[in-house]
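Take a look at the structure below.
All values derive from a computational prediction rather than experimental measurement. Proteins come first, then strands; the chains are lettered A, B, ... in the order of their sequence lines, and each starts at number 1.
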Amino acid sequence: MLQLQVLRENPEEIIKHLAIKHFDGGEIIPNIIALDDRRKETQKQLDDNLSQANILAKEIGVLFQTGKSAEANKLKERTTDLKNTSKELSINLESTKKELDELLVRVPNLPHSSVPPGNSAEDNMIVLEEGKIPVLPDNALAHWDLAGKYNIIDFNLGVKISGAGFPVYKGQGARLQRALINFFLDKAIEAGYAEVQPPLMVNSASGYGTGQLPDKDGQMYYMPLDDLYMIPTAEVPVTNIYRDVILKEADLPLKNVAYSSCFRREAGSYGKDVRGLNRLHQFDKVEIVQITRPEKSYQTLEEMREYVSGLLRNLELPFRILKLCGADLSFTSALTYDMEVYSSAQKRWLEVSSISNFETFQSNRMKLRYKDDSGKIHLAHTLNGSALALPRIVAALLENNQTEKGIKIPEALVPYTGFTAIHN
RNA sequence: GGAGAGAUGGCAGAGCGGUCGAUUGCGGCGGUCUUGAAAACCGUUGAGGUGCAAGCCUCCGGGGGUUCGAAUCCCUCUCUCUCCGCCA
């Protein structure tokens with residue numbers, strides 16, 4: 001949620017800026033400002049009213065205590081009007097605030113000045129391409145076929161138990177999952193991230209805090225009986241640890257890493273995008289989250305990008321980094337790098353990580369603040385990124401590393417898998 | 001799931017319906033003292049809205065009510081704790 005104060009300062013500039021995200025703020029922004037004016041006005045009237053009532057109440061108190069109940073009772077009559085007006089004004093104020101809030105949450109985050117314009121994912125800017133793309137023989141198999149050949153991932157069994165998008169990992173496939181999770185966690189801890197294990201279900205306040213609600217309501221699994229949402233990413237519970245928290249400046253940057261299963265309804269997906277491991281309802285991910293001082297956040301974003309690049313180098317996967325253009329940038333993000341690995345049998349790039357700076361968009365909603373050395377309170381910046389999401393990494397590993405004798409495990413992973421190849 | 005107790009500032013813990021945004025202790029910060037530190041002593045120390053400012057207003061788990069006036073009384077919800085039941 002954008003800060004009202006920022007919005008008021010230069011609405012024209014904001015509207016122009018939001019256009020990069022293809023968001024038309026021409027109407028909503030002036031409406032928000034008008035509503036805020038109304039809010040201030042009503043608040044002022046209410047405050048004055050309450051102030052008068054408070055003064056009267058005190059006078060009445062003194063009169064009663066000094067035994068002048070006749071005068072007190074006379075004064076009482078004067079409070080009736082004030083009470084009625086206050087009641088009216090506070091109802092008015094509440095509805096104005098609600099209206100204001102409803103508009104405010106519909107405005108996306110401002111894109112960073114370096115965000116390239118664009119009309120679709122085609123316009124994302126490739127900032128780096130690294131690693132050798134393997135040339136596979138013509139009979140190379142896609143990962144869903146390899147999964148069957150080596151009996152390591154059973155998609156049909158998942159369908160039987162749950163439905164499409166819930167694969168069952170078996171044998172060396174399950175071991176590989178465990179290896180990747182531990183490898184990613186160990187690396188993150190090495191890089192100074194503190195590990196947390198968060199709940200996999202969250203309440204709606206947390207959903208609002210990180211911006212999944214109300215924007216992506218239909219994308220989360222929801223359990224009405226208990227009013228809980230299955231997390232689509234560990235970003236939600238981990239960032240919400242710091243909801244309504246005032247940190248000390250010395251605590252920053254705050255770095256957390258969490259492994260979690262992630263659950264996504266993926267309503268509206270179809271076709272080759274969802275084949276095999278490409279898009280699942282349940283998958284595993286290691287997520288890194290940082291909370292920083294505003295002036296440090298872009299430096300941190302670059303560090304996180306470099307960190308994730310290091311993981312991909314360790315896994316010996318060819319990858320590229322995209323800077324998302326305005327059209328592809330998410331609602332909450334100011335700047336996002338997507339990391340993609342090349343899956344050589346599918347012959348396509350697969351997104352395995354998305355690293356974003358949300359600036360104060362999340363922290364403003366969450367009231368995540370820090371106190372500086374002089375005692376002043378500021379909103380912190382929040383950032384997060386996958387480091388990494390498993391399924392597409394597995395897809396690329398299987399496809400890129402397939403040989404006659406089985407699937408070769410990258411060296412860095414061998415201590416974790418306990419085997420050097422997947423074979424029958 | 002059943003019965004009971006409770007929810008107050010970073011923590012602990014007071015608070016007859018009227019000067020309580022809240023006693024006190026600890027912690028934090030500043031100072032005196034000290035070569036430095038500790039101890040002791042003094043001072044200071046919640047958040048938000050609005051305003052140039054002084055100030056005014058709101059917040060004692062959430063919501064509602066009684067009252068001229070609520071941290072204090074009533075209703076309700078949520079959560080925590082204790083006991084019982086069930087149980088990885």
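Within a 6.0 Å sphere centred on CD of Glu88(A), heavy atoms belonging to other residues, nucleotides or ligands number 12 at most. More than 12 heavy atoms of other residues, nucleotides or ligands lie within 6.0 Å of CD in Glu302(A), so this atom counts as buried by the packing criterion. The neighbour count for Glu295(A) CD, taken as heavy atoms of other residues, nucleotides or ligands under 6.0 Å away, is above 12. By the 6.0 Å contact criterion, CD on Glu9(A) is enclosed, its count of non-hydrogen atoms from other residues, nucleotides or ligands being greater than 12.
Among the protein residues, Lys371(A) comes within range of the sugar-phosphate backbone only, with heavy atoms under 4.0 Å from sugar or phosphate atoms but none that close to a base. Using a 4.0 Å heavy-atom cutoff across all strands shown, Arg39(A) reaches sugar-phosphate atoms only and no base atom.
The CZ atom of Phe64(A) sits 15 Å away from the P atom of U19(B) (whole-angstrom rounding). In this entry the distance linking CD1 of Ile377(A) with C1' of U45(B) reads 12 Å, nearest Å. Rounded to whole Å, atom C1' of G46(B) lies 11 Å from atom CZ of Arg369(A). Glu94(A) has its CD atom 15 Å from the P atom of G49(B), to the nearest Å. In this structure, Leu4(A) places its CG atom 15 Å from P of G48(B), rounding to the nearest Å.
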Annotated structure of RNA chain B as dot-bracket, pair cut-off 3.5 Å, Watson-Crick or G-U only, | for inter-strand, is ((((((((.[[[..)..(.....]]]((((((.......))))))(((((....))))).[[[[[..)....]]]]])))))))....
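Judged by distance alone, the side chain of Thr210(A) and the main-chain N or O of Gln212(A) form no donor-acceptor pair under 3.5 Å. Side-chain N or O atoms of Asn203(A) include none that pairs as donor or acceptor with a backbone N or O of Leu228(A) at under 3.5 Å.
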At under 4.0 Å between heavy atoms, how does the protein contact nucleotides 72-77 of chain B? Give one character per nucleotide, 5' to 3', with B, S or -.
------
Treat primed atoms plus P, OP1 and OP2 as sugar-phosphate and everything else as base, then score nucleotides 57-67 of chain B 5' to 3': B for base contact with protein heavy atoms under 4.0 Å, S for sugar-phosphate contact only, - for none.
SS------S--
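The side chain of Val62(A) approaches U19(B) more closely than any other nucleotide in the set G18(B), A47(B), U19(B).
Applying the ring-ring contact (aromatic ring centres under 6.0 Å, His included) test between His112(A) and each of Phe358(A), Tyr337(A), Tyr298(A) identifies Tyr298(A) as the sole match. Among Gln43(A), Gln45(A), Lys44(A), the one residue that satisfies the side chain to side chain contact (heavy atoms under 4.5 Å, CB included) test with Asp47(A) is Gln43(A).
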